[in-house]
Amino acid sequence: MNRYNPLEIEEKWQKIWEKEKPFRALEKSKSKTGEEKPKKFLAEMFPYPSGAGLHVGHVRNFTIVDVLARYYSQNGYNVLRPFGYDTFGLPAENYAIKTGVSPKVATETNVKNFRTQLKRLGYFIDWDREINTSDPEYYRWTQWCFLQLFKKGLAYQKESYQWWCPVDQTVLANEQVENGHCWRCGSEVEKKKMKQWFFKITEYADELLDSIDSLDWPEKIKTMQKNWIGRSRGAEIDFEIASNAEKVKVFTTRPDTIFGATFLVLAPEHPLIKSLVNENTKSAVEKYCADALKKSEIERQENKEKTGVFTGSYALNPATGEKIPIWVADYVLIGYGTGAIMAVPAGDDRDREFAEKFDLPIKKITEVPDKPFGEPKTTYRMRDWLISRQRYWGCPIPIAYDKNGVAHAIPESELPVLIPEVDDYRPDNSGRSALSKATDWLKVKVPVTDPETGKTTLEEMTRETDTLDGYACSSWYLWRYASPKDKKNAWNPDQIAYWEPLDVYCGADHAVAHLLYIRFWCKFFADEGKLPFREPIEKLLYNGYINAPDGKKMSKSKGNVIDPLDVIDSGYGADTLRTYEMFIGPYDLDAAWNPRSVGGVHRFLNRCWNLVFQEESVVKKNPTEFSCTKKTLSDSFPTTALRHKTIKKVTDDIERSAFNTAISCLMEYVNELYKSGASAEDLITLGKLLKPFAPHLASEILEHLSADDSWPAYDEKYLVADTVEVVVQVNGKLRGRLSVSVDFLEDEEKLKSLALADPNVKKFVKTPPLKTIFVKPAKLLNLVVKN
RNA sequence: GCCCGAGUGGCGGAAUUGGUAUACGCGUUCGACUUAAAAUCGAAUGAGAAAACUCAUAUGGGUUCAAGUCCCAUCUCGGGCACCA
């Protein structure tokens with residue numbers, strides 16, 4: 001046979017897989033043998049299909065899932081590994097604005113390209129379950145989900161100050177603002193007062209927080225989510241205003257420090273400020289508040305120097321009865337607690353700094369109240385999820401407004417609300433999306449029932465022109481995977497009961513946003529009786545990034561992007577690429593691309609090929625036992641123990657997601673077989689163990705040896721040798737090695753005398769040992785002596 | 001500032017429960033094959049030493065028969081949050 005030619009082999013097997021569809025998940029009811037297979041449902045975070053095609057980072061992410069899918073499949077599981085595309089979003093829309101190509105067309109092209117590339121990697125994907133969030137058949141159900149939340153009051157409108165990206169001309173969720181910059185275009189965000197749609201995620205704040213500990217997720221992600229939710233327990237205390245009947249409600253985590261409260265501070269946006277100013281202070285306070293709003297959040301963050309202004313009014317400290325001044329300052333945030341604080345400069349650094357700057361009293365806390373002041377209150381750092389986007393290429397919000405501006409749900413029977421075709425995709429300056437330009441589409445008749453007569457009439461209304469945050473589309477796709485073609489339901493309850501929750505989810509991003517939102521929706525739909533579980537993801541693998549060879553992030557502008565298709569086409573093939581990305585290091589750490597190491601992995605696969613297909617001139621085969629056709633072997637065959645050891649190690653390593661060491665173990669195995677010769681059983685085992693990583697080559701090997709791909713079992717009895725090495729230490733230092741019969745491991749006295757007979761050990765043992773310690777699993781004997 | 005991680009050869013990394021530190025790969029050196037090169041195969045490869053050994057897992061202490069692993073302190077790097085009362 002010829003040399004290892006990956007491109008030829010890969011094309012052959014990809015054609016076979018395309019035709020035979022071996023990666024289709026079995027419907028539970030259709031289980032062939034009658035005997036039910038256990039299920040495994042695995043998925044990666046579905047990608048945004050960009051015009052650039054697959055990235056090596058995608059390949060790492062998808063290959064992890066692929067290794068597991070193939071491993072579980074080889075172990076007899078009914079595996080569901082679907083695939084999808086997160087296709088709504090700004091890149092397609094901005095491309096449309098630039099080129100005039102509609103986002104729909106551009107998206108179709110990109111998805112097609114992605115699919116072709118994915119197939120060239122030989123992925124174990126059930127292609128009959130492909131989904132796409134901008135497909136009307138998909139987004140009608142996104143709209144349905146919205147309506148369920150709307151019905152329960154968990155989708156609501158609120159006028160408030162929100163993050164606004166002036167370049168993308170849309171509002172953003174808190175989770176999409178990174179250091180005061182837009183997560184997509186990087187421009188500085190502003191605050192804008194707008195009426196917007198929200199999902200009431202705070203309703204589930206406690207459960208989202210309390211159930212984190214039970215998740216089999218990386219601690220890093222769990223901590224980030226805990227911090228994001230940021231629960232604080234404290235109290236709300238009313239402070240009476242000296243000059244009028246109003247009260248200022250403050251939130252504090254330390255109500256016990258109230259004796260040290262010497263002034264109050266309100267956020268510049270606080271509604272009570274108007275009633276607190278007098279003729280002397282009015283203009284200064286108004287100017288301060290207006291400036292604070294104008295200041296970008298960056299400025300507010302960068303300039304930690306305290307600023308503020310006195311309102312002219314006083315409040316009464318309920319503990320001391322003292323009159324204390326009320327100030328306005330931007331270090332108090334309107335969105336947290338009550339937007340007002342009692343300042344305790346003796347106990348709080350920020351308050352002290354403020355008091356020192358404005359010469360306000362600092363009073364030592366000498367007394368603690370017997371009965372606590374105020375009402376116990378819990379607050380959260382997390383805010384409700386802002387879901388309106390003033391952009392064209394998103395899922396339309398299924399809402400219309402009557403002539404009084406009241407929001408009405410579009411009836412479920414009228415879904416989907418399709419995205420209208422427009423000529424100009426640009427949002428306008430008014431803060432409305434391009435949907436507002438589809439004048440015919442805007443008009444809709446919605447049935448309204450008169451509460452008195454009970455009569456239903458059709459009323460002409462105007463459609464909502466905002467679209468949904470893309471994260472809404474990805475908050476339920478894992479459930480759609482269970483029944484992606486269902487025309488009657490967002491998800492089919494029987495299929496959900498069988499497949500879900502997801503066993504393993506793998507991704508490298510969205511630690512708080514997506515992974516929090518999907519938990520929120522899961523709890524909501526569980527409360528609705530639509531899901532039989534409260535956490536959607538059993539196990540989360542959060543993989544690291546792949547960086548350029550210099551360790552820096554790959555980016556088009558730096559010109560250091562490695563294209564996975566180039567790696568394949570250069571002659572290495574997909575198996576080398578996949579195996580290399582699993583070998584590059586622990587899956588959860590960032591890694592730098594190393595072109596030479598790719599060559600090393602290719603050499604390894606080449607050696608695998610040679611072992612099976614090459615003539616004796618290259619590989620020294622076992623002179624007595626080697627035969628590719630011989631299926632039964634004696635236990636005394638020289639590589640039997642090694643084979644069983646390798647099976648155990650590779651199995652254990654895949655189970656604990658240590659893909660890099662699983663591969664190094666296979667390398668050792670192959671190196672050893674090169675030296676000692678291989679039996680047919682050894683080679684079949686190699687093919688089986690290799691298949692999750694290099695499925696094309698492994699399929700070729702197994703076909704050649706007429707073997708199936710069932711995962712091999714190991715037998716403990718082969719893992720114990722007749723003769724074992726016992727390490728001898730003196731005071732913890734290695735001084736000798738004994739080769740002894742395995743029976744001696746039971747006889748510590750015998751080992752001790754053998755050790756003391758060793759000339760090298762003798763040199764270090766001048767007096768009889770005080771004690772000896774024998775560690776059986778490590779086969780280590782430590783002699784403790786006093787010399 | 002606060003909260004997490006992580007520091008091991010020339011490089012990526014291994015050591016899973018406190019028990020033989022440096023597996024595997026890259027690189028380098030030498031050898032075989034070749035007119036030659038590539039490819040391939042074999043050998044060596046933490047530092048010092050001829051060797052016995054000694055010293056090495058960021059730094060300094062500690063616990064232990066035994067520490068890369070546990071404890072305390074310090075330094076460096078990475079990530080997250082950041083005026084959240």
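Below, chain A is the first sequence line, B the second, and so on; all start at residue 1. Atom set for the values below is all heavy atoms of this structure, side chains included, hydrogens, waters and symmetry mates excluded.
Contact annotation: the side chain of A:His270 never approaches that of A:Val332 to less than 4.5 Å [non-hydrogen atoms, C-beta and beyond]. Counting heavy atoms from C-beta outward, A:Val726 and A:Phe774 have side chains that approach closer than 4.5 Å.
In terms of phosphate contacts, A:Arg603 brings a side-chain nitrogen or oxygen within less than 4.0 Å of OP1 or OP2 of B:rG27. For the OP1/OP2 pair of B:rA85 and a distance below 4.0 Å, the side-chain nitrogens and oxygens of A:Tyr331 include no atom meeting the criterion.
Across the P atoms, B:rG12 and B:rU74 are found 28 Å apart, a figure rounded to whole Å. Rounded to a whole angstrom, the distance from the C1' atom of B:rA67 to that of B:rU57 is 11 Å. Nucleotides B:rC26 and B:rA44 have their P atoms positioned 16 Å apart, rounded to a whole Å. Separating the P atom of B:rU40 from that of B:rU8 is a span of 31 Å, rounded to the nearest Å. Comparing the same atom, C1', in B:rC75 and in B:rG61 gives a spacing of 15 Å after rounding to whole Å. For the P atom pair drawn from B:rC77 and B:rU45, the interatomic distance equals 36 Å after rounding to whole Å. For the P atoms, the distance linking B:rG19 with B:rU76 amounts to 31 Å, nearest Å. Look at the C1' atom in both B:rG62 and B:rG18: the space between them is 15 Å, to the nearest Å.
Mapping A:Thr252 and A:Lys733 onto RNA chain B via the closest heavy atom, the residue that lands nearer the 5' end is A:Lys733. The 5' end of RNA chain B is approached more closely, in terms of each residue's nearest nucleotide, by A:Met667 than by the other of A:Met667 and A:Met224.
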### Task
Before giving the answer on side-chain contact (heavy atoms from CB on, under 4.5 Å), spell out for A:Gln225 and A:Arg519 the whole-Å C-alpha distance, their side-chain angles and the decisive distance to 0.1 Å.
CA-CA 11 Å; A:Gln225 292 211 351; A:Arg519 294 181 61 222; 2.8 Å; yes
### Task
Apply the test side-chain contact (heavy atoms from CB on, under 4.5 Å) to residues A:Leu697 and A:Tyr4: give CA-CA distance (whole Å), side-chain angles for both, the deciding distance (0.1 Å), then the verdict.
CA-CA 9 Å; A:Leu697 172 59; A:Tyr4 173 42; 3.9 Å; yes
### Task
For side chain to side chain donor-acceptor pair (under 3.5 Å), just list the numbers for A:Thr338 and A:Glu236, CA-CA rounded to whole Å, side-chain angles, deciding distance to a tenth of an Å, and then say yes or no.
CA-CA 8 Å; A:Thr338 60; A:Glu236 280 185 356; 5.7 Å; no
### side chain to side chain donor-acceptor pair (under 3.5 Å) between A:Tyr580 and A:Asn594, worked out
CA-CA 10 Å; A:Tyr580 169 65; A:Asn594 182 343; 5.7 Å; no
### Message
Test side chain to side chain donor-acceptor pair (under 3.5 Å) on A:Asn606 and A:Arg3; report intermediate values, then the result.
### Response
CA-CA 8 Å; A:Asn606 195 31; A:Arg3 300 175 76 93; over 6 Å; no
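Computed from coordinates, the A:Arg3 CZ to B:rC41 P distance equals 10 Å when rounded to whole Å. The distance from atom CZ of A:Phe604 to atom P of B:rU40 is 15 Å, rounded to the nearest whole Å. A:Tyr542 places its OH atom 17 Å from the P atom of B:rA6, with the value rounded to the nearest Å. Here the C1' atom of nucleotide B:rA23 and the NZ atom of A:Lys645 are 10 Å apart, to the nearest Å. The interatomic distance linking A:Trp183 (CH2) with B:rC81 (P) rounds to 14 Å, in whole Å. One atom, CG of A:Asp758, and another, P of B:rA52, lie 14 Å apart when rounded to the nearest Å. Put simply, CD1 on A:Ile229 is 16 Å from C1' on B:rC3, counting in whole angstrom units. Atom-to-atom, CG of A:Asp509 to P of B:rG79 comes out at 14 Å; the value is rounded to the nearest Å.
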### Task
Heavy atoms under 4.0 Å is the rule here; annotate nucleotides 60-67 of chain B 5' to 3' with B where the base is hit, S where only the sugar-phosphate is, and - elsewhere.
-----BS-
### Query
What string of B, S and - do you get for nucleotides 8-16 of chain B, 5' to 3', when a contact is any protein heavy atom under 4.0 Å?
----BSSSB
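A distance-only check finds a donor-acceptor pair linking the side chain of A:Asp590 to the backbone of A:Tyr545 [under 3.5 Å]. Of the possible polar contacts, one joining the A:Asn61 side chain to the A:Cys506 backbone as a donor-acceptor pair under 3.5 Å is found. The closest donor-acceptor contact from the side chain of A:Lys222 to the backbone of A:Leu215 lies under 3.5 Å.
Residue A:Tyr517 forms a ring-ring contact (aromatic ring centres under 6.0 Å, His included) with just one option from A:Trp228, A:Tyr204, A:Trp385, and that option is A:Trp385.
The side chain of A:Phe764 lies closest to B:rC53, out of B:rA23, B:rA85, B:rC53. Nearest nucleotide to the A:Arg381 side chain, out of B:rA85, B:rC26, B:rA82: B:rA82. Residue A:Arg596 places its side chain closer to B:rG27 than to any other of B:rG27, B:rG80, B:rA85. Closest to the side chain of A:Asn760, out of B:rA52, B:rC83, B:rG25, is B:rA52. The side chain of A:Asn671 lies closest to B:rC24, out of B:rG27, B:rA39, B:rC24. Considering only the side chain of A:Arg735, B:rC53 comes nearest among B:rC83, B:rC53, B:rG42.
Applying the 90° criterion around 0 to the glycosidic angle, B:rG9 comes out syn.
A:Arg231 comes within 4.0 angstrom of nothing in the nucleic acid, heavy atoms only. Using a 4.0 Å heavy-atom cutoff across all strands shown, A:Glu219 reaches no nucleic acid atom at all. Among the atoms of the strands shown, none is found under 4.0 Å from any heavy atom of A:Lys779. Nucleic acid contact for A:Ser232: sugar-phosphate only, since backbone atoms but no base atoms lie under 4.0 Å from a heavy atom of the residue. Across all strands, A:Asp351 comes closer than 4.0 Å to no nucleic acid atom at all (heavy-atom distances).
Other residues, nucleotides and ligands contribute more than 12 heavy atoms inside 6.0 Å of the CD atom of A:Glu725.
Interface remark: the A:Arg737 side chain does form a donor-acceptor pair with the B:rU20 base, using a distance-only criterion of under 3.5 Å.
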### Task
Return one dot-bracket line describing RNA chain B 5' to 3' (Watson-Crick or G-U wobble pairs, both distances under 3.5 Å; ( ) same strand, [ ] crossing, | another strand, . none).
(((((((..(((......[....)))((((((.......))))))(((....)))..(((((..]....))))))))))))....
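Residues A:Pro369 and A:Pro255 share a closest heavy-atom pair of CG-O, 4.3 Å.
Classified by interplanar angle (parallel below 30°, tilted 30° to 60°, perpendicular above 60°), the ring pair A:Tyr471/A:His514 is parallel. A:Phe354 and A:Tyr331 have tilted rings, their planes meeting at an angle from 30° to 60° on a 0 to 90° scale.
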